[in-house]
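Here's the structure we're looking at; comments come further down.
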2 protein chains.
Amino acid sequence: MTDLMVQERQVEILRRLRQDGRVVAATLASLFGVSEDTIRRDLRDMATAGLCERVYGGALAIGPGRTTLKHRIGVAAERKKALAVAAVSLVPAQCLVYFDAGSTNLAIAEALPEDLAVAAATNSPAIALALQEKPLAEVILIGGSLDRVAGGSVGARAIEAMAQIRPDLCFIGTCGIDPDGALSAFGLEDAAFKQFVAARSRKVAVAATREKFEVSAPYAVAAADQYHCLLTEPDVDPVRLRPVRDAGCEIILAGM
Amino acid sequence: MTDLMVQERQVEILRRLRQDGRVVAATLASLFGVSEDTIRRDLRDMATAGLCERVYGGALAIGPGRTTLKHRIGVAAERKKALAVAAVSLVPAQCLVYFDAGSTNLAIAEALPEDLAVAAATNSPAIALALQEKPLAEVILIGGSLDRVAGGSVGARAIEAMAQIRPDLCFIGTCGIDPDGALSAFGLEDAAFKQFVAARSRKVAVAATREKFEVSAPYAVAAADQYHCLLTEPDVDPVRLRPVRDAGCEIILAGM
DNA sequence: ACGGATAAACGTGCACAAACGGGCATTCAA
DNA sequence: TTGAATGCCCGTTTGTGCACGTTTATCCGT
């Protein structure tokens, strides 16, 4: 195989992970013509970024399996919770708020105060379940084809349903944040749906843990000037936040 | 079988446990191409993690014990599971099956074989989550206003979304079964939605534990001649089943 | 029905190879 | 020059199979 740059190699590994659900370190090493050490480093980085699950001998895709999902929720749980607590303060009473699928937004939905009366829409079954626990929330479920990777409805039906509502505020999930502040996603349909939601919402907020800055996903979701508020962690490199702030986006730092 | 990594092997063992209720160490050893010692070690670890019950010669799925999963289903877990196992045999491959909200139908969705390729629609976030675990299922989420009591979407939007599909088979939940075999529900919108679904489906199945025969709910859903298959428990009074059978409805008894 | 014989299954300790992680040197581009 | 990416070395960890003594289920003769 032709020599690839680091990012290219990692994207290719990710592709194979999605295709086969697993990769073997030794195989990848000979495939890319690099040492196993390098592959191990790739896999380690990708695992800390939450892109795969590291196992002895290689790595596994983060599948729909609840063990890995719980794992994904569990790893950065406290940090996500801290983000979530800050995020809910953005939600005014009596508004229509939309939660995009994703573990970070699930944390936000869980952190919603019990005594807050809002209409809450989501395309994620998991988030819908969490919202059901909030007695004063009117829950609106956005239907469509369920995307296993994204964890929520996407596609034509979802967009159709989404077209019926206009959220005052939406929390968009993102798989990666580019150096210029642009958001990206791993699925074509997922990205398209996020775009549509963002375009319909009066205010667009993005909550992202620090790992998101290390990841670049293939499909564009929104440039820095297309969302209004970024919640992230205090220890993110300020250089990465500069373009976002320059685009007129409010930046909220939360966490320990 | 291709060489699997430790975690993959254990996941596969778990899958077989769920499917067959038991696994034999020797069989697994030759299947994976590893020694029985390795399998024993796997089984021991899984038992320690509370994933299976270790017995002489292999392991059993957690039966009499209680899992976290069963908490969600509720009190009549084992009986619902027995119903569910019988119910999934009604689902042909490559069909479009609809699961109405409800704990009994959740059990059916969970009992769906992993290797069954179907399109599965539901208005319940909880059931959607369960279906997401089935790798070969295309999951369609029916959106709308979430009804807390019913546990699924109802209302105009849900009916709109439902009007887009025509299930080959649907499992309708019921809150009560009248002496004449008529189904009833506790919510007006919920009942209306169930009616709509039943009317659109080629075949309508109802899975109900014996308690349902003791309950009468205010809103009518379907008379005995409006559904085609009733799954219930063997110890239900035959007198109660008579009118259902007379209406031309197939009756399947399942359980211990 | 009972108790002992027998073979299978078990667990433990051990050995070995593969995989791992950290440290260090080298390369190369900014 | 500096920093990132990579390969190599080496001590450590992990997964696995084998050997050996123990436990358990099943069968069979009384």
Side-chain angles (χ1 to χ4, degrees), chain A residues 1-14 16-17 20-61 67-68 71 75 176-180 210-211 213-216 235-240 242-243, chain B residues 1-14 16-17 20-61 63:
Chain A
M1 167 156 297
T2 54
D3 286 4
L4 296 178
M5 293 188 295
V6 200
Q7 292 80 0
E8 295 179 292
R9 193 177 51 227
Q10 297 201 4
V11 166
E12 173 64 15
I13 293 176
L14 212 54
R16 288 175 173 267
L17 263 174
D20 306 332
R22 61 189 292 242
V23 288
V24 178
T27 311
L28 293 174
S30 66
L31 181 73
F32 294 126
V34 296
S35 73
E36 295 194 29
D37 300 71
T38 301
I39 297 297
R40 267 196 290 273
R41 273 185 273 252
D42 286 339
L43 262 31
R44 171 167 47 82
D45 295 345
M46 292 165 60
T48 44
L51 296 174
C52 67
E53 184 187 353
R54 193 69 173 81
V55 297
Y56 199 84
L60 302 179
T67 57
T68 48
H71 185 254
V75 179
I177 302 180
D178 292 343
D180 63 354
R210 66 169 93 96
E211 304 92 89
F213 288 90
E214 323 284 331
V215 179
S216 181
D235 51 0
V236 170
D237 184 353
V239 173
R240 300 296 305 273
R242 174 68 56 85
Chain B
M1 166 158 295
T2 55
D3 285 5
L4 294 180
M5 295 183 258
V6 199
Q7 291 79 358
E8 293 180 288
R9 197 177 48 224
Q10 298 198 5
V11 166
E12 173 64 15
I13 293 176
L14 212 54
R16 290 175 172 266
L17 263 174
D20 306 333
R22 59 178 215 128
V23 288
V24 178
T27 312
L28 293 174
S30 67
L31 180 72
F32 294 128
V34 296
S35 73
E36 296 192 29
D37 300 71
T38 301
I39 297 297
R40 268 196 289 273
R41 273 185 274 251
D42 285 339
L43 261 32
R44 170 167 49 79
D45 295 345
M46 292 166 59
T48 313
L51 296 172
C52 68
E53 184 187 350
R54 197 65 225 289
V55 295
Y56 199 84
L60 302 178

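Hydrogens, waters and symmetry mates play no part in the numbers below; they use all other heavy atoms, side chains included. Letters A, B, ... are given to chains in the order of the sequence lines, protein chains preceding strands, and every chain is numbered from 1.
One interatomic measurement links the two molecules: CZ of A/R9 to C1' of D/dG7, which rounds to 12 Å at whole-angstrom precision. Protein atom CZ of B/R44 is 12 Å distant from nucleotide atom P of D/dT16, rounded to whole Å. Rounded to whole Å, atom P of D/dT6 lies 11 Å from atom CZ of A/F32. Taking atom CD of B/E36 as the reference point, atom C1' of C/dG11 lies 13 Å away to the nearest angstrom. The nearest whole Å value for the distance from the OH atom in B/Y56 to the C1' atom in C/dG11 is 12 Å. Note: CG (B/L43) to C1' (D/dG15) measures 16 Å, nearest angstrom. Taking atom CD1 of residue B/I39 and atom P of nucleotide C/dG11, one finds them 14 Å apart after rounding to whole Å. Following rounding to the nearest Å, B/D42 (CG) and C/dA9 (C1') show an atom-to-atom distance of 16 Å.
A/L51 is not listed as a side-chain neighbour of A/Q10, based on a closest heavy-atom distance of 4.5 Å or more. Two residues are said to be in side-chain contact when any heavy atoms from C-beta on lie closer than 4.5 Å; A/V55 and B/E8 fail this criterion. Side chains of B/V6 and B/R9 form a contact here, defined as non-hydrogen atoms less than 4.5 Å apart. Two residues are said to be in side-chain contact when any heavy atoms from C-beta on lie closer than 4.5 Å; B/V34 and B/R41 fail this criterion.
Under the side chain to side chain donor-acceptor pair (under 3.5 Å) criterion, A/R40 pairs with no residue, sequence neighbours left out. Residues satisfying the side chain to side chain donor-acceptor pair (under 3.5 Å) test with B/S35, not counting sequence neighbours, are B/T38.
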Tabulate protein N/O versus nucleotide N/O from nucleotides 4-6 of chain C, keeping only pairs under 3.5 Å, one per line.
none

Protein N or O to nucleotides 8-11 of chain D N or O, pairs below 3.5 Å:
{"unit_1": "D/dC8", "atom_1": "N4", "unit_2": "A/D37", "atom_2": "OD2", "d": "3.3"}
{"unit_1": "D/dC9", "atom_1": "N4", "unit_2": "A/D37", "atom_2": "OD2", "d": "3.4"}

Per-nucleotide protein contact along nucleotides 25-30 of chain C, 5' to 3', at a 4.0 Å heavy-atom cut-off (B base, S sugar-phosphate only, - neither), is ------
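Going from atom OG1 of A/T48 over to atom CG of A/L43 covers 10.5 Å, rounded to the nearest 0.5 Å.
A/D237 contributes a side-chain N or O that, together with a main-chain N or O of A/V239, makes up a donor-acceptor pair within less than 3.5 Å.
The nearest pair of heavy atoms linking A/R22 to B/L4 is NH2-CA, 4.1 Å. The nearest pair of heavy atoms linking A/A29 to A/E36 is CB-CG, 3.6 Å. Pairing each heavy atom of A/G58 with each of B/M5, the nearest pair is N-SD, 3.9 Å. Between A/R54 and A/A47, the shortest heavy-atom contact is CB-CB, 4.1 Å. Of all heavy-atom pairs between B/L17 and B/A61, the closest is CD2-N, 3.3 Å. Residues B/L28 and B/V23 come closest through the heavy atom pair CD1-CB, 3.7 Å.
A/V55 comes within 4.0 angstrom of the backbone, heavy atoms only, and of no base.
Look at A/R54 and you'll find a side-chain N or O under 4.0 angstrom from OP1 or OP2 of C/dC20.
Comparing the axis of the opening five pairs of the helix from C/dA1-D/dT30 to C/dA30-D/dT1 with that of the closing five pairs yields an angle of 30°, rounded to 10°.
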